[in-house]
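Reviewing the structure listed below.
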Number of protein chains: 4
Amino acid sequence: MNVGVSESSMADKSKTINIALDPTSGIPFYRQIILQIEMAMADGRLKPGNQLPTVRGLAVELRVNPNTVARAYNELEIRGLVSSQHGTGTFISDREVEMSEVEREEVLSQLVRGFVSQAASYGFTVDDIIRYLTDYHEEGRK
Amino acid sequence: MNVGVSESSMADKSKTINIALDPTSGIPFYRQIILQIEMAMADGRLKPGNQLPTVRGLAVELRVNPNTVARAYNELEIRGLVSSQHGTGTFISDREVEMSEVEREEVLSQLVRGFVSQAASYGFTVDDIIRYLTDYHEEGRK
Amino acid sequence: MNVGVSESSMADKSKTINIALDPTSGIPFYRQIILQIEMAMADGRLKPGNQLPTVRGLAVELRVNPNTVARAYNELEIRGLVSSQHGTGTFISDREVEMSEVEREEVLSQLVRGFVSQAASYGFTVDDIIRYLTDYHEEGRK
Amino acid sequence: MNVGVSESSMADKSKTINIALDPTSGIPFYRQIILQIEMAMADGRLKPGNQLPTVRGLAVELRVNPNTVARAYNELEIRGLVSSQHGTGTFISDREVEMSEVEREEVLSQLVRGFVSQAASYGFTVDDIIRYLTDYHEEGRK
DNA sequence: GTGGTCTAGACCACA
DNA sequence: GTGGTCTAGACCACT
């Protein structure tokens, strides 16, 4: 029974997601953390099972109070996006997407339509959105 | 309950700008109102001389506290973008609003990022969104 | 326009729900608060639109730190059970139960079956549960 | 990977007690294990002399860290409810477990209250639950 | 006055 | 070592 060697072979242990806080944005730190983790999930940088940085670790990295990171993780857990395991760490949840393709499409449709009308009230067109989204996505891939 | 001057006599003089508030966006209502009026001015939906909805009228329409609308109008007046004329209404000033591309991009950025992370919490990826949005767009063109 | 009299006629303003914390239970304070509010909703003592006690008010009453109450309210808000309005208060959400009777029954069925099997693993029968639940409910009505 | 004594040679000697862990209950896993074993002893599903599953076996079955199971067994041994015999297994002690009505009621209380508040968050009332549970029960009797 | 955010620091529980 | 809870107290934002 090999102990030690086998323990250390966890290259994929905790993903680095390069969270950056902008203190001038007016968006609370804990919310910026949530947003960035959600976005990392949306574009595939974080997948189910991946471990997030530890609360204290991320707090040190971002130079914020551990409570602030804990609050972000806590909210993500309440929403079911991550699962914290005492003494072990915090992990991206296995999404139990029991939705059929049809249902998924329906939910996506609702979300997008709502967003389009919101953006429209600011004077943005669907074209604006698509353009930004595509650029944004390319950016993330570099 | 009619109080004071009838508001309905100027119904056709005040532009409807379709302000939509999103209580889940984290952006305070008064700021959402300001932003949307600014954007409407920037892209020509509101022109100098146009009358804004009355404070009370808009408050009822948006189902918020009249103070909230008043605060938005007040801040717009301080910035010189609108001018309130006692007993008459609130009007778009001559002073032009030039919203730079950069500013527009910033607002769009915030909106899109917020939406992406909301969609992520339902398990949708950026790709899903782009795909749907493009289809949706094509659909609209037919 | 009557001001003052009409403002003060808010007898039902904020519901008293008599939350009691048990420091010996091992259940964290914030969770006890959540549980008791949820139960008040379940047996009809709190209805949509009712205002909860203020964060500071409840904190004083329960002799805990305001942050502890805020945390409970916050979690309830994330779950969509209450809605906090800045500068105004915290209110029980209007549940948008768009579910058909059939769907409701389905969800209830899943919940109950899950619970029954959980209780069974502790050696309790459905009879035990019904008996306790009925007693508990009568208790609440006194 | 076979290490040490084969566990399968005593498969039919160790009682299956169907322990079910609920990660959302807030009760730590090790405590859920203890509670369920105690209840099984109290209502006769486990009798003196019966062998418990091996630590590793149960850990695999429940998909938890073996330390967690070990901790539960350890605590049960300290209380004298089970005795571990090196190289052989863990067995229910002669010492009787009398779980008083009061204790049983307490556990039931916790379970039910937790369930009621969970159901409340889906908009179900205590009445809904009682009604469904009674129907469900009748159903089962047919 | 309402709720919201953040810090600093202590102590506990789980693995 | 991990995450979880709670306090005390400061300061901000909305009504």
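Every value quoted in this text rests on a predicted model; they were computed, and no experiment measured them. Each chain gets a letter, A, B and so on, in the order the sequences are listed, and its residues count up from 1.
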By nearest nucleotide on DNA chain F, pick out whichever of B:T68 and C:I27 is the more 5' one.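 Closest to the 5' end, via its nearest nucleotide, is C:I27.
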
Between C:T88 and A:G89, which has a closest nucleotide on DNA chain F that is more 5'?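 Its nucleotide being nearer the 5' end, the pick is A:G89.
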
Watson-Crick or G-U counterpart of F:dC6, or none if no pair lies under 3.5 Å: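 Result: E:dG9.
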
Within the 4.0 Å heavy-atom criterion, would you say [X] contacts the bases, only the backbone, or no part of the nucleic acid?
X     : result
D:N65 : sugar-phosphate
C:Q32 : nothing
D:F29 : nothing

Taking atom types as they are modelled, would you say the side chain of A:H86 forms a donor-acceptor pair with the base of E:dA15 within the 3.5 Å cutoff?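 Between E:dA15 and A:H86, which were checked side chain against base, a qualifying N/O pair under 3.5 Å is absent.
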
Provide the closest heavy-atom pair for C:P66 versus C:A59 in the form atom of the first, atom of the second, distance.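 The answer is CA-CB, 3.6 Å.
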
Can any side-chain N or O of [X] pair as donor or acceptor with the backbone N or O of [Y] at less than 3.5 Å?
X      : Y     : result
B:E77  : B:S84 : yes
A:Q36  : A:A20 : yes
D:S117 : C:E38 : no
B:T90  : B:L52 : no

Rounded distance in Å - CD (A:Q85) to P (E:dA15):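 In whole Å, E:dA15 P lies 9 Å from A:Q85 CD.
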
Between E:dC12 (P) and C:Y30 (OH): distance, integer Å: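 Atom-to-atom, C:Y30 to E:dC12, this comes out as 18 Å.
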
First encountered from the 5' end of DNA chain E, between C:V55 and A:P28: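 The residue closer to the strand's 5' end, by nearest nucleotide, is C:V55.
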
Closest-nucleotide mapping onto DNA chain E: is A:N67 or C:N74 further toward the 5' terminus? I mean the 5' end.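 Looking at DNA chain E, the more 5' nearest nucleotide goes with C:N74.
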
A:E75 bridged to A:R79 by N-O distance under 4.0 Å: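 Yes, this pair counts.
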
Hey, where on DNA chain F does chain A first and last touch, going 5' to 3'? Cut-off is any atom under 4.0 Å from a heavy atom.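 Boundary nucleotides touching chain A, in 5' to 3' order, are F:dG1 to F:dC6.
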
Name the one of B:N67, B:T68, B:V60 that satisfies side-chain contact (heavy atoms from CB on, under 4.5 Å) with B:V64?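 Of the listed options, the one satisfying the test is B:T68.
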
